[in-house]
Amino acid sequence: MGWLRRHLIRVGDGSPELFWRLARRTVAGTARDRLTRTAAILVGLWIWWRLINVWPWLTGVLLAAWIARAWLAADAEEQQEERQAEAAEELERTLDEVYLRLILRHIGEEPGIHLETLLPLMQSEAQLPGLTRDDLRDLLGALRVPVRRSLRVGTRTGVAGVHHDDAVQALKEYLARLPSPEV
């Protein structure tokens with residue numbers, strides 16, 4: 001009976017989707033279009049009511065058609081949710097790579113970059129205007145880039161920052177975690 005429950009839930013999920021799809025089509029367009037569609041629906045329902053009085057078995061046909069369409073609508077809704085989840089995951093992966101490459105670009109040929117130097121660059125170029133120092137540390141932690149407490153860049157020492165080798169290693173590990181493209 002588990003299969004019956006699964007199918008009934010699927011039809012139950014698809015019915016509201018089908019109803020709202022029909023409602024959106026009805027209310028779309030100008031006021032005259034809405035009035036015309038509403039009148040056509042009411043005339044169609046009146047005709048259907050008259051036909052059901054003559055041939056009661058048409059109710060079963062309507063019910064079967066509705067169940068079939070609700071089944072397909074539930075499938076379409078599930079596929080749309082899956083596509084949205086995949087797109088969000090892909091965007092997150094892409095942003096991680098962009099941030100890592102941006103950090104490496106700012107480090108350039110230097111041995112590293114201090115957080116106080118990296119913060120305004122990330123705020124402007126990564127379009128993160130409200131980024132704070134703690135947020136930057138959290139972002140680097142999420143990207144698996146270690147922050148060294150005492151980094152020497154140029155003549156300044158004893159300031160927290162990201163070492164070039166650490167950023168390169170984080171990017172290599174990130175690229176190794178990516179799924180291989182299907183051929």
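Worth knowing before you read on, the calculation uses all heavy atoms, side chains too, and leaves out hydrogens, waters and symmetry mates.
Among residues two or more places apart in sequence or in another chain, the side-chain hydrogen bond (donor to acceptor under 3.5 Å, both in side chains) test is passed with R37 by none. T38 meets the side-chain contact (heavy atoms from CB on, under 4.5 Å) test with T26, L42; sequence neighbours excluded. Residues passing the side-chain hydrogen bond (donor to acceptor under 3.5 Å, both in side chains) test with R148 are D166, sequence neighbours excluded. Partners of E110 by side-chain contact (heavy atoms from CB on, under 4.5 Å), not counting sequence neighbours, listed by chain and number: V153.
For the pair Q123/L136, no side-chain contact is recorded, criterion being any heavy-atom separation below 4.5 Å from C-beta on. Counting only heavy atoms from C-beta outward, the side chains of E109 and H164 never approach each other to under 4.5 Å. Within the 4.5 Å cutoff, the side chain of L115 has heavy atoms near those of the L140 side chain. Between L102 and R105 the shortest side-chain heavy-atom distance falls below 4.5 Å.
Between the CG atom of L131 and the CZ atom of R137 there is a distance of 12.5 Å, given to the nearest 0.5 Å. In this structure, CG on L100 lies 7.0 Å from CG on L104, to the nearest 0.5 angstrom. The distance from the CG atom of L118 to the CD1 atom of I103 is 5.5 Å, given to the nearest 0.5 Å. For the atom pair NZ of K172 and CD of Q169, the computed distance is 6.0 Å after rounding to the nearest 0.5 Å. Taking OG1 of T132 as the start and CG of L119 as the end, the distance is 7.5 Å to the nearest 0.5 Å.
H106 pairs with exactly one of L121, T117, V162 by the side-chain contact (heavy atoms from CB on, under 4.5 Å) rule, that one being L121.
Transitive grouping of hydrophobic side chains (ILVMFWY, heavy atoms separated by less than 4.5 Å) brings I107 and L175 into a common cluster. A continuous path of Ile, Leu, Val, Met, Phe, Trp and Tyr side chains, each step under 4.5 Å between heavy atoms, connects V147 with V168, placing both in one hydrophobic cluster.
Other residues sharing a hydrophobic cluster with L45 under the 4.5 Å side-chain heavy-atom criterion for ILVMFWY residues are I41. Cluster partners of L51, using a side-chain heavy-atom cutoff of under 4.5 Å among ILVMFWY residues and allowing indirect links, are V43, W46, I47, W48, I52, V54, W55, W57, L58, V61, L62.
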### Query
Are R144 and Y174 close enough, and set up right, to give a side chain to side chain contact (heavy atoms under 4.5 Å, CB included), and what steps lead you there?
CA-CA 9 Å; R144 299 180 183 176; Y174 169 78; over 6 Å; no

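Scanning both residues, H114 and R156, for their nearest heavy atoms gives CE1-CB, 3.7 Å. Taking all atoms of both residues into account, the shortest heavy-atom contact from A170 to V145 is CB-CG2, 3.5 Å.
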